[in-house]
Amino acid sequence: QVQLVESGGGLVQPGGSLRLSCAASGRMFSSYSMAWYRQAPGKQRELVAAITSGGSTTYADSMKGRFTISRDNAKNTVYLQMNSLNAEDTAVYYCNTHLGPINYWGQGTQVTVSS
């Protein structure tokens, strides 16, 4: 069983930045691959970025160069630094991991980009 708790969302102006955090339970955090997804109103949930236990990262094309995923294994936390935000980035952002076939999700944190 893994519990994920996101934080750091909020309202930001276009061009601004936010850093999301996801705190995970469990002593095996360093062995988990972690990911951030997002879901905008009326749209399917989509992958934003992922990081392996070894620190390798992948990004959705529209996030490359603007978003950075990182992890701090000592704090059982994964981060998503988001820069140059625009209205299309407005969504609920979810933290995710999986153990075998079981997916775990956080409750989500709302990010709203608006002037």
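- When ring centroids are compared, Trp105 and Tyr37 come within the 6.0 Å threshold.
- In this structure, Asn86 and Arg66 have side chains that are in contact, with non-hydrogen atoms separated by less than 4.5 Å.
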Apply side chain to side chain contact (heavy atoms under 4.5 Å, CB included) to Asn76 and Tyr32, showing your working.
-> CA-CA 10 Å; Asn76 276 23; Tyr32 304 159; over 6 Å; no
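- Within the 4.5 Å cutoff, side-chain heavy atoms of Arg45 are placed close to those of Tyr94.
- Heavy-atom neighbours of Gln3 CD from other residues, nucleotides or ligands within 6.0 Å: at or below the threshold of 12.
- When only modelled atom types and interatomic distance are considered, Ser17 and Asn83 share a side-chain donor-acceptor pair under 3.5 Å.
- The shortest side-chain heavy-atom distance between Asn73 and Phe29 falls under the 4.5 Å cut-off.
- Here the side chains of Val48 and Tyr59 are not in contact, with every heavy-atom distance at 4.5 Å or above.
- Side chain of Glu6 to backbone of Cys95: a donor-acceptor contact under 3.5 angstrom is found.
- Counting only distance, with no hydrogens or angles, the side chain of Thr109 and the backbone of Tyr93 share no donor-acceptor pair below 3.5 Å.
- Proximity of Val12 to Thr112: side-chain heavy atoms (C-beta onward) are nowhere separated by under 4.5 Å.
- Going from atom OH of Tyr79 over to atom SG of Cys22 covers 10.5 Å, rounded to the nearest 0.5 Å.
- Looking at heavy atoms from C-beta onward, Leu11 lies out of side-chain contact with Val113 at the 4.5 angstrom threshold.
- Between Arg38 and Asp89 there is a side-chain heavy-atom pair separated by less than 4.5 Å.
- Between Thr90 and Glu88, every side-chain heavy-atom pair lies at or beyond the 4.5 Å cut-off.
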